[in-house]
Amino acid sequence: MFKYEENENDIYISISNDLDIYTAIEFKTLLDKVVDDKRELEINLAEVTQIDCAGIQLLMLTKKERDKRNLGLSLVEPSNVVLEAFGFLRLVSYFNDPVAPNNRKGDSDGT
Amino acid sequence: MELDLNSILPAFLAESYEGLDQLETTLLDLDLDDGDAELLALIFRIAHTIKGSAGMFGLDEVVSFTHVVENCFDRLRDDSSHLSQDLIGILLACGDHIRLLLKKVETKDPVDHLITTHGNELLSKLSSMNGMNGIDGTAGAGQNSGTKSIESGYAINDNWHISLQLSLDSLRNGMDPLAMLRYLETFGEIVSIATLVNAMPPISSMDPENLYLRFEISFNSPADLEKIEEAFEFYNEGSTIVILPPNSKVSDYVALTDSSNQDSHVGNALVATGALSRSDLNGALNPLDELIEQVNLDQVPVKKPLNDTLAENRGSSQMVESASVRVDSAKLDELINLVGELVMSSAGIALNGASSKDDKLIESISTLTDLVEEVRNSSLSLRMVPIGATFTRFKRLVHDMSNELGKEIELVITGADTELDKTVVEKISDPLMHLVRNSIDHGIENAQMRIDCGKPAVGVLTLNAYHESGSIVIEVNDDGAGLNRDRILSKSIENGLVEEGQTLDDEEIYNLIFKPGFSTAKNVTNISGRGVGMDVVRRNINDLRGAIELSSEAGVGTHFKVRLPLTLAIIDGFLVSISSDTFVIPLAMIVECIELETINDTYDHAKNYINLRGEVLPLVDLRELLTIPGDMAKRRNIVVVQNGHNKAGIVVDQLMGEFQAVIKPLGPIFNHVRAVSGCTVLGTGKVSLILDIPGLIQKAISKQSHDTSIRPMKSA
């Protein structure tokens, strides 16, 4: 499920399910709402159980759109699944350092 | 993803089994024309495909084993001088092992230690073969750590460059590029990946279920172009995949792997020109060529491999089209059943139409009937398959057995195109196999014996098939020693099949081998000679409404002739009636029809046989047998039927003429009924029973021999 919280300065989205083709529409609907929002956007990936290209491209899109508007985006506490996929697709740098808090080195060269 | 794979797994398995069959045949063909480059390329491709698809399903055991075999084929392709009988033998065994592994996947059994050990043994044998040194490293460890050892031992070259622009609906079709890229890693190292998001539309128009990501991959692998393409096999439609070989000039290579550059050049150019949507790419091959011109790439290598790849795609899709459509045979049966019903009801319509005296109606009905007839013929032909595939399977058997027994045997196949019903093909395969085994084991002598007899050292086993008046005849001939009359006789006496002192002609003696419990082989080999066999062969063939004949000449050879109906679904029948009941007799078994009255004087009611032109003809009175009530008709007829060499007369009331009957099986409740073999529905909607002629003849003969107490031989 996607949990949505907000306060004056920040929007928090936390994802605790698969981030894949099956949840992509739901996630996108949520992103549509927040992409133009001037507040800081933080997406918590700690409980992402599975990720595929549909999920990855949505995160990339969010990053792209937020950058375009000069708005902030942080992806925080990526789960191992996410880290592994980002590592594999060499995307860590795309998302810059915010994807760091965990052990980024992890097992980034695949299984 | 997992679900999708599971649903296509059966298709993969079926294809792989077919591939293995083909592999086997091809390997055996290699026997003859040494090192044919095309055949070598073919077997390589087969192994390659199996490995590639197995990888998609994560069947590691299969992948790692097949990989080594594939490597061996690869080497052979380059240099066929190492090809030897021994190597082919091992490769055949490897094929069997792959089949075994796949079977395990199919039955979801775990691959146990024994199998793994067997696999490793095969691999080490393979690697110890001359010239196969290069795969040493993989051979031992292949089963467990396949992928790692594959990578080692190859110098770091220039890398492959793969540009992936997959169709928009890949994700929706359950294809996750991530999974595919991970698969690439099973046979190489992904040096770098650039994941490109440039093609992503603004968020407002972005469809989250479309795939917008593109990948530029630098890939280090000893695999060849075909192998890499294989990984993307499932993504063909609407996808643009460019694979650049590693031997591109270093400068080009650098320019190409500079992914951001390339993205603007190739990817965006193609899509941004607007004339071409991504999903159109596959269909529009020619415009694509033009587009590439327009884009005016200065990176020459891009264009060539792209065209190559596309050309190959074009070739392969054509191949698929020209091949066949796989249909569940149950569906086919259903269709044929329905068509059968259609034929019957159209016959019913014709009958009613004729009585209406409406010319226009009758004319339309006649057109309809013609069409229905055509529909029936063509749907029946759907079931017809050439017997060749069954014959070819024996190549392996002959190869293995002749090696094992130290005989030299050549298998000659003729009439492989002869078609017959699929069900018949399936059921005849085992009996035929038995005949072939017997011929190799007992029939054909070893080379020395043959030379001593003044025959060529190489024995010839001939399989032949042809159509003959509504049935198919399959012959299994060998030029061996022929059946040993005396040995069969003494063995039969020993086994109590014949009493001593009984006089039998040659043919009767030869036919003793079809008796249960008969075996003459001095040594029971693991191939044949266990005494369960020929009787089963005969029974199986009889169950198919077929017959087997045998002739043999000492020192010249043995000749088996199996006669089978073309299809099990329809018979040409002859309609007869008793009182108001109708029965169908298979037309092929009818010799003649005679009126009972004309020969009444020779009809011995007590013994139930007549003298037909000097021949004793046992009779079966159907009315009596089936206890049909009603008055005896004034004029009665005898239908003389024949099965093999046995003849009998069936006494019926009325002859009604020919009739094409769609056979319907009787329910299991009628299993014990000997006189009928099935039923059919007449045009009028009445049900009519199909008589089991071989059964009736047997009955007539046994009754007669019981009465007359001669020839107890036939009373089996």
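Reckoned from all heavy atoms, side chains included, excluding hydrogens, waters and symmetry mates. A note on names: the letters A, B, ... follow the listed sequences, proteins ahead of strands, and every chain is numbered from 1.
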### Task
Answer yes or no: is there a side-chain heavy-atom contact under 4.5 Å between B:Asp207 and A:Lys28?
no
### Query
Counting only heavy atoms not in A:Lys68, do more than 12 sit closer than 6.0 Å to its NZ atom?
yes
### Query
Short question: side chain of A:Gln57, backbone of B:Met200 - any donor-acceptor pair under 3.5 Å?
no
#### Entry: Heavy-atom closest contact (A:Ala54 atom, B:Pro208 atom, distance)
CB-O, 4.2 Å
#### Entry: Spacing of CG belonging to B:Leu213 relative to CG belonging to A:Leu89, to within rounding of 0.5 Å
8.0 Å
### Task
Taking the side chain as every heavy atom from C-beta outward, state whether B:Ile203 and A:Asp36 have any pair of such atoms under 4.5 Å apart.
no
### Task
Using a cut-off of under 4.5 Å on heavy-atom pairs, state which of A:Leu61, A:Asp52, A:Val35, A:Asp32 scores highest against chain B.
A:Leu61
### Message
Rounded at 0.5 Å granularity, tell me how far CD1 in A:Ile25 sits from CD in B:Glu209.
### Response
3.5 Å
### Query
Pick from B:Thr195, B:Asn210, B:Leu181: which one has the most heavy-atom pairs with chain A under 4.5 Å?
B:Thr195
### Message
Could you check whether any side-chain heavy atom of A:Asp20 comes within less than 4.5 Å of a side-chain heavy atom of B:Asp176, counting everything from C-beta outward?
### Response
no
### Query
Does a salt bridge link A:Arg90 with B:Glu216, judged by any charged N lying under 4.0 Å from a carboxylate O?
no
